[in-house]
Amino acid sequence: MDTKSLSDRILKHDRRALARGITLVESARADHRSQASELLARLAGAGRQSLRIGLSGTPGVGKSTFIESFGMMLIGQGLKVAVLAVDPSSARSGGSILGDKTRMERLSREKNAFIRPSPSQSHLGGVARRTREAIALCEAAGYDVVLIETVGVGQSETVVSEMSDLFLLLLAPAGGDELQGVKRGIMEMADMILVNKADGDLKAAATRTCADYAGALRLLRKRTQDPEDFPKAMTVSAVEQHGLDAAWKEMQSLVQWRRDNGHWQANRAAQAKYWFDQEVRHTLLARLDTAKAKADMDRLKDEVASGRLSPTTAAEKMLAMLN
Ligand code: GDP
């Protein structure tokens with residue numbers, strides 16, 4: 001199918017066309033890359049501005065269950081929901097495949113839901129670009145909310161938070177009163193911490209954990225642009241579907257506040273600049289990865305080692321050859 005008819009179908013909210021479009025942006029083949037660029041150019045600025053929600057949590061905290069319950073609730077309110085995943089491949093050994101449809105059975109049957117598992121990719125720069133492009137396609141296809149799931153292993157959180165309007169950290173109740181070794185950097189990104197599994201025997205522990213994190217968030221509070229009580233911690237139960245509505249109301253109120261105060265647009269603009277910068281860097285680094293560049297590097301290294309060229313002069317020669 002040509003990109004014109006594909007883009008027309010995506011704009012008409014055709015899910016299969018959307019899936020095909022995402023396959024194009026995920027492909028490493030040169031002809032697919034150029035079709036993907038054409039498609040993205042056609043769709044630029046079309047569709048709607050979705051609310052992009054990043055969601056992180058270690059395997060087992062209940063991300064799939066939460067996305068299923070939260071997604072069903074949003075659909076019940078008449079919204080269209082897309083689920084994407086950023087999955088550093090090393091995290092797969094954690095046993096949690098992100099964006100897995102079999103783990104979100106009810107949601108995957110809804111016509112107003114679109115779920116896309118993460119591509120098996122090793123390097124995060126490539127995953128980041130594909131996910132950003134997939135988000136753009138979901139927006140063109142009319143999704144109101146795009147949930148971007150990731151697993152709490154470090155770098156991928158930064159990637160997801162830089163493409164989200166809101167960033168949620170999902171936690172499970174802790175046994176004692178210790179904080180769960182959540183990296184400070186990840187906590188600093190969170191707009192909200194949701195302590196899941198606040199039900200049955202775990203309820204009291206969830207309430208305690210939530211209070212601990214609320215305290216920690218107050219100490220960490222960096223984003224002075226947000227209202228006083230953000231970032232905040234709340235308890236939810238994805239299984240009993242409890243607290244999800246309250247959490248959604250808080251998300252909406254924060255988003256509205258940011259919109260009213262100009263922070264929403266400023267944040268998107270800052271993200272666009274960040275990704276431009278990253279894209280330039282990644283592309284330059286990729287140029288060093290070709291066979292010819294590697295051979296040139298090896299040759300110049302020999303010259304530097306033998307003292308025939310200074311490191312600086314050799315670097316200048318190398319950079320000139322990359323152009
Ligand atoms: P993920 O690895 O983060 O996607 O976690 P899952 O959604 O697969 O959930 C891991 C386990 O926690 C499963 O056995 C779920 O049934 C359970 N779980 C998820 N949410 C809740 C909840 O709200 N309450 C309770 N009690 N268990 C939950």
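As the structure lists them, so they are numbered: ligands from 1, and atoms in each ligand from 1.
Residues Leu166 and Ser164 form no side-chain contact, since every pair of their non-hydrogen atoms from C-beta on lies 4.5 Å or further apart.
Each of the following atoms of ligand 1 lies closer than 4.0 Å to a heavy atom of Pro59: 2 (O).
Side-chain contact annotation: Thr3 with Glu38, donor-acceptor N/O pair under 3.5 Å present. Of the N and O atoms on the side chains of Asp2 and Ser5, at least one donor lies less than 3.5 Å from an acceptor on the other residue. Between the side chains of Ser237 and His242, not a single donor N or O lies within less than 3.5 Å of an accepting N or O.
Taking a cutoff of 4.0 Å between a charged side-chain nitrogen and a carboxylate oxygen, Arg258 and Asp191 qualify as a salt bridge. Using a cutoff of 4.0 Å between basic side-chain nitrogens and carboxylate oxygens, Asp296 and Lys292 are scored as salt-bridged. Ionic pairing of Glu279 and Arg132 is present here: one or more N-O contacts between side-chain nitrogen and carboxylate oxygen are shorter than 4.0 angstrom.
In Thr65, the parts holding a heavy atom less than 4.0 Å from any atom of ligand 1 are both the side chain and the backbone. Counting heavy atoms closer than 4.0 Å to ligand 1, residue Thr58 contributes backbone atoms (N, CA, C, O) but none from C-beta onward. In Asn196, the part holding a heavy atom less than 4.0 Å from any atom of ligand 1 is the side chain.
Heavy-atom contacts from other residues, nucleotides or ligands closer than 6.0 Å to CD of Glu228 number 12 or fewer.
The N/O atoms of Ala238, backbone and side chain alike, include one that comes under 3.5 Å of an N/O atom in ligand 1. Polar contact check, Val239 against ligand 1: a nitrogen or oxygen pair lies under 3.5 Å apart. Here's the thing with Glu149: none of its N/O atoms is less than 3.5 angstrom from an N/O atom of ligand 1. Annotation: Glu240 places no N or O atom under 3.5 Å from an N or O atom of ligand 1; distance criterion only. Considering backbone and side-chain atoms alike, Val236 places every N or O at 3.5 Å or more from each N or O of ligand 1.
Nearest-residue assignment for atom 24 (N) of ligand 1 (options Thr235, Val61, Leu170, Asp199; heavy-atom criterion): Asp199.
Heavy-atom distances between Gly57 and ligand 1 stay at or above 4.0 Å for every pair. For the ligand labelled ligand 1, residue Gly200 lies outside the 4.0 Å heavy-atom shell.
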